[in-house]
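Since we're looking at a predicted model, the values are computed, not measured. Just so you know, ligand 1 is whichever comes first in the structure, and atom 1 is the first atom listed for that ligand.
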Amino acid sequence: MPGLYIVATPIGNLGDITRRAVETLAACDAVACEDTRVAGKLLNHLGLSKPLWRHDDHASDADRARVIEAARSQAVVLVSDAGTPLISDPGYRLVRAAREAGIAITSLPGPSAAITALTLAGLPTDRFLFAGFLPPKDKGRKDALQALAHVPASLVLYEAAPRLTRTLAAIGEILPGREVAVARELTKLHEECRTGSAEALAAHYAAHPPRGEIVLVIAPPPDRPAEAPEDADALLLAALETLKPSQAAAEVARATGLDRKALYARALALRRP
Ligand code: SAM
């Protein structure tokens, strides 16, 4: 049938493509894709050959109009390089324009790194917020984390390997005491999911620079706001891993609103053997 078919593709392991995705790719008239070489490799792996139309973040209104016009009479598949299109990938504007144009649209569910990481992390899944990539520069990254600090949900972020250590350090600073999972190379040979405090993970990855693709999952903030300094022990202990008691107290005071002097006294007590 003519229309736009949004098709999720594997995030590493080619065995993860769904039967319906293969059937749809086999039956379609054309594939709109982020990168024709990447999509070409997938089709080749499936023994298929289809016209490939580049449709990436730089697509113009005219490019979108061409895909939409084609989808009135042909079956056009939209794929990204990996995973679910539109999820930190191109496609949102195309889908919006196709909807406005009255084109039939359907979405074939399949792999996405965000959901795969969330299911693996062992952190609460009842509520989560996917925040895509954080800004690359230090200030923007910290501001973005600050804006997410009080969201009562697990946070799911995409990150690039060269930035991981700095991002973990920023998480330790802005969201002290929150458990973090680093899910790396999901569905691939060197898949790993490492959990711990952001500070401990930052130290690990500083010593073992990571490679590959990464998703971060951060635990939600504590259920109830801290009322007494001892309620903040977990935060203080995490902060004390890298900071002096006075700095740890200041940081936890900022995060919880508790009295800094009381936290300082508590930090000194916690530090005693
Ligand atoms: N649309 C894709 C999806 O549904 O997951 C995400 C595309 S986004 C441009 C690419 C980012 O997703 C990577 O930088 C990484 O953060 C994450 N990612 C993709 N594949 C991954 C994998 N196999 N393991 C861990 N993270 C992955």
Side-chain angles (χ1 to χ4, degrees), residues 4-18 20-21 24-25 31-39 41-42 45 54-59 77-96 106-123 125 128-137 140-141 144-145 148 154-168 170-171 180-195 198 201-202 204-205 208-218:
L4 183 64
Y5 295 76
I6 303 156
V7 173
T9 59
I11 56 170
N13 188 324
L14 290 175
D16 290 336
I17 193 150
T18 68
R20 193 148 79 99
T24 304
L25 283 164
V31 177
C33 56
E34 212 181 336
D35 183 327
T36 52
R37 282 164 307 177
V38 177
K41 266 194 203 160
L42 177 69
H45 168 79
R54 189 174 184 117
H55 196 89
D56 58 15
D57 274 334
H58 307 292
V77 163
L78 173 69
V79 294
S80 57
D81 284 353
T84 301
L86 284 82
I87 305 303
S88 286
D89 264 341
Y92 156 69
R93 287 196 187 82
L94 178 66
V95 170
R96 188 165 179 82
T106 189
S107 185
L108 280 65
S112 183
I115 298 295
T116 310
L118 186 66
T119 57
L120 201 55
L123 293 173
T125 53
F128 62 91
L129 184 136
F130 173 67
F133 288 95
L134 292 174
K137 295 204 176 134
R141 180 191 289 133
L145 284 170
L148 294 169
S154 292
L155 304 174
V156 183
L157 303 168
Y158 285 163
E159 191 47 287
R163 288 202 288 261
L164 178 65
T165 308
R166 281 164 82 173
T167 297
L168 286 168
I171 294 170
V180 177
V182 176
R184 200 172 62 80
E185 293 289 86
L186 294 167
T187 78
K188 303 184 201 175
L189 188 62
H190 298 292
E191 172 175 306
E192 87 166 344
C193 184
R194 190 173 282 271
T195 56
L201 290 167
H204 171 82
Y205 286 109
H208 307 91
R211 292 215 254 186
E213 302 192 279
I214 292 164
V215 184
L216 290 168
V217 187
I218 305 172

Got a list of side-chain donor-acceptor pairs under 3.5 Å for residues 6-18, not counting sequence neighbours?
from, atom 1, to, atom 2, distance (Å)
Asn13, OD1, Gly15, N, 2.8
Thr18, OG1, Ala21, N, 3.0

Check for a donor-acceptor pair, side chain of Glu185 on one end and backbone N or O of Glu213 on the other, with a separation under 3.5 Å.
yes
Distance from Leu155 atom CG to Leu145 atom CG, nearest 0.5 Å?
8.5 Å
With rounding to the nearest 0.5 Å, note down the distance linking CG in Leu134 to CG in Leu148.
7.0 Å
Spell out, as yes or no, whether a donor-acceptor pair under 3.5 Å connects the side chain of Arg141 to the backbone of Pro136.
yes
Is there a donor-acceptor contact under 3.5 Å from the side chain of Arg184 to the main chain of Arg211?
yes
Report all protein residues having a heavy-atom distance below 4.0 Å to some atom of ligand 1; order the list by chain, then number.
Ile11, Ala82, Gly83, Thr84, Ile87, Ser88, Asp89, Ser112, Ala113, Phe133, Tyr158, Glu159, Ala183, Glu185, Leu186, Lys188, Glu213, Ile214, Val215
